[in-house]
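Since the structure comes first, as structure tokens, the remarks are kept for the end.
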Amino acid sequence: MQEKDNECFSFINEKRKEKPINRKKLFIYALFVVAMAVVFGVIASFVFVYCRLQWEDYLLPPDKNVVTIPQDYLEDTQSLETGGSEQALSSEDTQETESEQETQTSESETDTQSLETGGSEQALGEQVEITVADYQKLQNRLYDVGRGASSFMVTVTGIKSDTDWLYNDYERKGQASGFILADNGEELLILTERKNIADAQEIYVTFCNEVTVDAAMKKYDAATGIAVLSVPLALIDAGTMEVLSVAALGNSLVTRQGELVIAVGSPLGSNYSILTGSITSTANSINVIDNKYSVFTTDIVGNKNGSGVLLNVSGEVIGLVMQGYNSGESGVVTAFSISELKAMIERLSNGGDIPYAGLELTTVTNDIAAENEIPKGAYIKDVKMDSPAMNAGLQRGDVIVSMDGDVIFTVDGYESKLMSLSPGDTVTVVVKRQSPEGYTDITCLVEIGVLQ
């Protein structure tokens, strides 16, 4: 009996039973997890894309548009002039040639018909009298071309702070003409002369509508004094942009004596002047460090303080008029041939430095070589003090015959090779140097620098 009672009061043996699964709650939880995953993925995607764009702009800034100036070559020009087949005419030139031929054919047929019918109005080969009115029409047309250039001509002003002998502060202004060389999408590039804005604390550019904006020096060539200025497009209002244009650079290698030209800018020292005349000489040249440039002489009366450009009758820039090279004695406008400056202008426009060796050279022609028994090449007339060439051991009287294995026959060849290099590059220069036994080969390593 007692055992039976003990069994009744003993601890109850429990058996756990698993709680039944609530499938509805489980389904809702699963949906919530999936929804949160989708939201997280969307947010992560937006954050990733945004951060990537920001870091790419910071670490890999977009490149500015590169300014490209097509180069002109005398060989191609001569080939076209002589009718050579080494290089075909472009489609535009071909169309113009065909049009001219058709016009000439039509004129010939008209003249022939006139002769056949006995017409006396104008016989073939008859001289046409030009009246004063015709001359005035020609002048008006030339001035129209000059006035059209005002859209790309500018006035550049440099302001310098100085102190007189009484220690009073005052400002000095230097002015020169310039022209709009290019628009790279972020800035207008202005080509001008550095002479009047060197060391200027402030530089301004005034456009044809008298709007003046700030400008900054981008790059310059110390040998020639040519400078490229930068004017951010953000500083130029929409109205001004509508009246501006970019100058077209012509091929000055085809310029000949007697061609009509227009001088614009400030050839007489006053802004936005227009003078007309013709080319009187293309044979002159100016020696600068590491190069020699052709210079056009005109019959246009100028000023030693004048600057600007020479235009052909199509309104293209073919010459650069610079104060530093105008002759006050002759009193006529002279200008650098623009084609020979294009490689340098392109490099300056893209923020590059002009390579510098420090030599004054002249070409040893066949006649000079035969007469003086000098090897053909680029003859060194002078070596600039403390220049890379002097430090490399080049001397006056040496004749450069090769650079990095490329044969050098002329100063143009030397300049082309030099322009293919960059400051800091080392070039192997082989020269012929005179000795008691005759000319011997000397090899020098020249480290290219930058002229300041």
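In this text the structure is predicted, and so the values were computed from the model without any measurement.
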Donor-acceptor pair, side chain of [X] and main chain of [Y], under 3.5 angstrom:
{"X": "Asn291", "Y": "Glu415", "answer": "no"}
{"X": "Asn350", "Y": "Arg347", "answer": "no"}
{"X": "Lys417", "Y": "Ser402", "answer": "no"}
{"X": "Asp290", "Y": "Tyr356", "answer": "no"}
{"X": "Asn372", "Y": "Ile368", "answer": "yes"}
{"X": "Gln71", "Y": "Ala343", "answer": "yes"}
{"X": "Ser252", "Y": "Ser339", "answer": "yes"}
{"X": "Gln323", "Y": "Lys195", "answer": "no"}

To check you understand the geometry: which heavy-atom pair defines the closest contact between [X] and [Y], and what is its length?
{"X": "Ile262", "Y": "Leu142", "answer": "CG1-O, 3.9 Å"}
{"X": "Ala223", "Y": "Leu451", "answer": "N-CD2, 3.8 Å"}
{"X": "Gly265", "Y": "Pro267", "answer": "C-CD, 3.4 Å"}
{"X": "Lys381", "Y": "Arg396", "answer": "O-CG, 3.2 Å"}
{"X": "Ile203", "Y": "Met217", "answer": "CD1-N, 4.3 Å"}
{"X": "Ile338", "Y": "Gly319", "answer": "CB-N, 4.2 Å"}

Any donor-acceptor pair under 3.5 Å linking the side-chain atoms of [Y] with those of [X]?
{"X": "Thr280", "Y": "Thr298", "answer": "no"}
{"X": "Ser245", "Y": "Ser151", "answer": "yes"}
{"X": "Ser294", "Y": "Ser337", "answer": "no"}
{"X": "Gln136", "Y": "Asn140", "answer": "yes"}
{"X": "Thr68", "Y": "Glu346", "answer": "no"}
{"X": "Asn184", "Y": "Glu187", "answer": "yes"}
{"X": "Gln175", "Y": "Asn196", "answer": "no"}
{"X": "Ser266", "Y": "Ser273", "answer": "no"}
{"X": "Asn209", "Y": "Thr240", "answer": "yes"}

- Message: side chain to side chain contact (heavy atoms under 4.5 Å, CB included), that's the test. Do Val430 and Ile400 meet it? Break it down for me.
- Response: CA-CA 6 Å; Val430 178; Ile400 299 176; over 6 Å; no
- Quickly, which of Val288, Ile345, Leu348 forms a side chain to side chain contact (heavy atoms under 4.5 Å, CB included) with Asp221? Name it, please.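 Answer after filtering Val288, Ile345, Leu348: Leu348.
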- Message: Consider side chain to side chain contact (heavy atoms under 4.5 Å, CB included). Of Asp425, Val427, Val429, which one does Asp404 pass it with?
- Response: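 Exactly one option meets the side chain to side chain contact (heavy atoms under 4.5 Å, CB included) with Asp404, and it is Val427.
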- Query: Quick one: do Asp398 and Lys432 make a salt bridge, cutoff under 4.0 Å?
  - Reply: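 No salt bridge links Asp398 with Lys432.
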- Task: Identify whether the distance between the nearest side-chain nitrogen and carboxylate oxygen of Lys219 and Asp353 falls below 4.0 Å.
- Result: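 Asp353 and Lys219: salt-bridged.
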Measuring from atom [atom1] of [X] to atom [atom2] of [Y], what distance do you get when rounded to the nearest 0.5 angstrom?
{"X": "Lys173", "Y": "Tyr204", "atom1": "NZ", "atom2": "OH", "value": "8.5 Å"}
{"X": "Phe296", "Y": "Leu310", "atom1": "CZ", "atom2": "CG", "value": "8.0 Å"}
{"X": "Glu447", "Y": "Thr426", "atom1": "CD", "atom2": "OG1", "value": "5.0 Å"}
{"X": "Ser349", "Y": "Lys342", "atom1": "OG", "atom2": "NZ", "value": "12.5 Å"}
{"X": "Ile274", "Y": "Tyr143", "atom1": "CD1", "atom2": "OH", "value": "7.0 Å"}
{"X": "Phe207", "Y": "Thr212", "atom1": "CZ", "atom2": "OG1", "value": "8.5 Å"}

Can you check whether [X] reaches [Y] side chain to side chain, under 4.5 Å on heavy atoms?
{"X": "Ile442", "Y": "Gln395", "value": "no"}
{"X": "Gln452", "Y": "Tyr220", "value": "yes"}
{"X": "Val401", "Y": "Ile408", "value": "no"}
{"X": "Leu249", "Y": "Phe179", "value": "yes"}
{"X": "Thr206", "Y": "Val154", "value": "no"}
{"X": "Tyr414", "Y": "Thr410", "value": "no"}
{"X": "Thr276", "Y": "Leu260", "value": "no"}
{"X": "Ile318", "Y": "Val309", "value": "no"}

- Task: Please lay out, stage by stage, how Ile190 and Val156 fare under the test side chain to side chain contact (heavy atoms under 4.5 Å, CB included).
- Result: CA-CA 9 Å; Ile190 310 295; Val156 179; 4.3 Å; yes
- Message: For Val145 and Val313: C-alpha separation, side-chain torsions, deciding distance, then whether side chain to side chain contact (heavy atoms under 4.5 Å, CB included) applies.
- Response: CA-CA 7 Å; Val145 174; Val313 293; 5.8 Å; no
- List the steps, then state whether side chain to side chain contact (heavy atoms under 4.5 Å, CB included) holds for Tyr439 with Ile374. CA-CA 8 Å; Tyr439 281 92; Ile374 300 176; 3.9 Å; yes
- Query: Should the heavy atoms of other residues, nucleotides or ligands under 6.0 Å from CD of Gln201 be counted, would the total exceed 12?
  - Reply: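 Above 12, so yes.
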- Query: Are Ser281 and Gln257 close enough, and set up right, to give a side-chain hydrogen bond (donor to acceptor under 3.5 Å, both in side chains), and what steps lead you there?
  - Reply: CA-CA 6 Å; Ser281 175; Gln257 285 180 303; 5.0 Å; no
